[in-house]
There are 2 protein chains.
Amino acid sequence: MIVRVLKYAILGLLYRQEYSGYDITSQFKKEIGQFWSAKHSQIYPELRKLVDEGLLHFRTQIQGEKLEKKMYTITEAGRKELLEWALSPEPLPETEKDAFMLKMYFIHTLSQEEARILFENQLQQRQEKLVHLKQEYEQLIPLFGEENTSGAMHFDHPHLGHYLVLTKAIAREQSYVEWLKRHVHLLL
Amino acid sequence: MIVRVLKYAILGLLYRQEYSGYDITSQFKKEIGQFWSAKHSQIYPELRKLVDEGLLHFRTQIQGEKLEKKMYTITEAGRKELLEWALSPEPLPETEKDAFMLKMYFIHTLSQEEARILFENQLQQRQEKLVHLKQEYEQLIPLFGEENTSGAMHFDHPHLGHYLVLTKAIAREQSYVEWLKRHVHLLL
DNA sequence: AATAAACATGTTGATATTTACATGTTTTAT
DNA sequence: ATAAAACATGTAAATATCAACATGTTTATT
């Protein structure tokens, strides 16, 4: 059950529009970067591989005077493989790596004060991230459509994917913050 | 900021007791496996490396008639490096990879029914996992000490690390299940 | 006009991780 | 007694990922 996820991440991004390698790199710095990302040094070789496999093709476009950029498009074969992957039930990962929780497992190596400082630092970082995510959400409400109006979120909404990853990222950080707050008393 | 997390995971496991490579592999299949793990093919070379670096040493023990196993112990240098890592504030990862959420970002590639099936499958798997984690927790209450008794959880409790990772794993799955339940109506 | 930031595409080397290959012993259940 | 499961340790090959190297263009700011 070997799954080249980056392959499908790229195919998925190209499902609706043409992108350059640079554009794909940029996309991974936006909302989907909460759940998948890759550096450009991994993306460019993968794009070449996908072209070789007949899942993508590209046209070279001139930006300005002479800057050549390659605009990639998904092929029919690419759409077919993307759909096959998207449809397949996603098994739960056995491990969701989290180095902070690894430190918590080894909390007995620290003094109570050292542990408290580490813990409160994580709480602050997670709270700040949560604030940013909520601000992003607030800014996107006009795009998503407010509740109880004709613009409310629904299956065919063009930004459903965006809405789902943003609400999920908020839920993840909210849960993290609540867990941290519920257990900080153990270190006081 | 290169951090060999497996190195510290192994040092941390050996902080309180001697383990063989096989034992370490087994530990990663238990509670800490929710947040960090590695295969034996990665562990054995890492153990050799840590011995070479003077952070571990081992003695060969005979199991039964002739089965040789290597029991590893952390050295003073190992403890020093472990503590240094454990103390250092843990930055948030930019990306917490989740292939299911990547599929959700590309939900527009599926029909509503296909999306619903995928979504409900994930909900079921997450619910089952949550039940298992809660059962584990219930079984461990005697070990943790029930609330409002002299055995309640506190900083010096010998199983605080275990308690923290288990409650965190439960919080993570609970949050996942709640998010799934809150959004399944979009696919009905 | 100069400069910084953003745009744009690659490669190389080092690590990290997984799957498969490879072998043998000990314990438990039938 | 036998077979299966668990114990035990390694290596090899492939893939995934990241940091650093390498180069050049275009756009926005000052």
Side-chain angles (χ1 to χ4, degrees), chain A residues 1-10 13 18-30 33 35-53 56 58-72 85 91 93-99 102, chain B residues 1-10 13 18-30 33 35-53 56 58-72 85 91 93-99 102:
Chain A
M1 250 211 267
I2 35 140
V3 192
R4 287 163 54 197
V5 183
L6 179 58
K7 163 179 164 177
Y8 298 104
I10 290 172
L13 286 171
E18 202 180 39
Y19 278 128
S20 67
Y22 187 86
D23 294 334
I24 290 169
T25 308
S26 304
Q27 288 300 312
F28 283 137
K29 288 171 185 160
K30 303 213 289 182
F35 299 105
W36 207 270
S37 70
K39 310 288 182 187
H40 78 275
S41 56
Q42 197 184 356
I43 292 165
Y44 289 114
E46 187 67 31
L47 285 167
R48 164 175 286 232
K49 206 173 168 189
L50 293 173
V51 169
D52 291 349
E53 288 168 352
L56 299 183
F58 68 89
R59 61 189 183 89
T60 303
Q61 194 185 281
I62 302 294
Q63 190 83 352
E65 279 295 297
K66 49 180 167 174
L67 204 176
E68 288 193 356
K69 65 170 170 174
K70 293 179 183 172
M71 297 302 292
Y72 292 88
W85 168 78
E94 284 166 41
T95 302
E96 299 183 38
K97 290 190 173 179
D98 181 336
L102 186 61
Chain B
M1 248 209 269
I2 36 140
V3 192
R4 289 163 53 195
V5 183
L6 179 58
K7 163 179 162 177
Y8 298 105
I10 291 173
L13 286 171
E18 202 179 40
Y19 277 128
S20 68
Y22 187 86
D23 293 334
I24 290 168
T25 309
S26 305
Q27 287 302 312
F28 283 136
K29 289 172 185 158
K30 302 212 290 181
F35 299 104
W36 207 269
S37 69
K39 310 287 182 191
H40 78 276
S41 56
Q42 198 184 357
I43 291 164
Y44 289 115
E46 187 67 31
L47 284 169
R48 163 174 286 230
K49 207 173 168 189
L50 293 173
V51 170
D52 290 348
E53 289 169 352
L56 300 182
F58 69 88
R59 62 191 181 88
T60 302
Q61 196 184 282
I62 302 294
Q63 190 83 349
E65 278 296 296
K66 48 180 167 173
L67 203 175
E68 290 194 353
K69 66 169 170 176
K70 294 179 182 172
M71 298 302 291
Y72 292 87
W85 168 79
E94 283 165 40
T95 303
E96 300 183 38
K97 289 190 173 179
D98 182 334
L102 185 62

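Throughout, a chain's letter reflects where its sequence line sits, starting with A, and its residues are numbered from 1. Computed over heavy atoms, backbone and side chain alike; hydrogens, waters and symmetry mates excluded.
At the heavy-atom level, A/Thr25 lies nowhere under 4.0 Å from the strands shown. Among the heavy atoms of the strands, none lies under 4.0 Å from B/Lys7.
Proximity note for A/Pro45 (side chain, C-beta onward) versus D/dA16, D/dG10, C/dT11: the nearest is C/dT11. With distances taken from any side-chain atom of B/Ser20 to the nucleotides C/dA8, D/dT9, C/dT19, the minimum falls on D/dT9. For A/Arg4, taking side-chain heavy atoms from C-beta onward, the closest of the listed nucleotides C/dA20, D/dA16, D/dA8 is D/dA16.
For A/Tyr22, the side-chain contact (heavy atoms from CB on, under 4.5 Å) partners are A/Ser20, A/Ser26, A/Tyr44, not counting sequence neighbours. Partners of B/Arg4 according to the salt bridge (Lys or Arg N to Asp or Glu O under 4.0 Å) rule, which considers only residues two or more places apart in sequence or in another chain, are B/Glu46, B/Glu53. Qualifying side-chain contact (heavy atoms from CB on, under 4.5 Å) partners for A/Pro45, counting only residues two or more places apart in sequence or in other chains: none.
The shortest distance between the side-chain N/O atoms of B/Tyr22 and the OP1/OP2 oxygens of D/dC7 is below 4.0 Å. Phosphate proximity of D/dG10 to B/Tyr44: absent, as no side-chain N or O sits under 4.0 Å from OP1 or OP2. The shortest distance between the side-chain N/O atoms of A/Lys97 and the OP1/OP2 oxygens of C/dT17 is below 4.0 Å. Side-chain N/O atoms of B/Lys70 include one lying less than 4.0 angstrom from OP1 or OP2 on D/dG10. Between C/dT18 and B/Lys39, no contact under 4.0 Å exists linking OP1 or OP2 to a side-chain N or O.
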Contact letters for nucleotides 23-30 of chain C, in which S counts primed atoms plus P, OP1 and OP2 and B counts the base, heavy atoms under 4.0 Å: -BBS----

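The interatomic distance linking B/Met71 (CE) with D/dC7 (P) rounds to 13 Å, in whole Å. Atoms NZ (B/Lys29) and C1' (D/dC7) sit 10 Å apart, rounded to a whole Å. For A/Lys30 and C/dA6, the NZ to P distance is 15 Å, given to the nearest whole Å. Here C/dA8 presents its P atom at 12 Å from CD of A/Glu18, a figure rounded to the nearest Å. Between the P atom of C/dA16 and the CG atom of A/Leu6 lies a distance of 20 Å, rounded to the nearest Å. For B/Arg59 and D/dA8, the CZ to P distance is 13 Å, given to the nearest whole Å.
Residues B/Trp36 and B/Val5 form a side-chain contact, since some pair of their non-hydrogen atoms from C-beta on lies under 4.5 Å apart.
Counting only residues at least two apart or in different chains, side-chain hydrogen bond (donor to acceptor under 3.5 Å, both in side chains) contacts with residues 62-72 of chain B are absent.
An angle of 40°, rounded to 10°, separates the two end axes of the helix from C/dA1-D/dT30 to C/dT30-D/dA1, each defined over five pairs.
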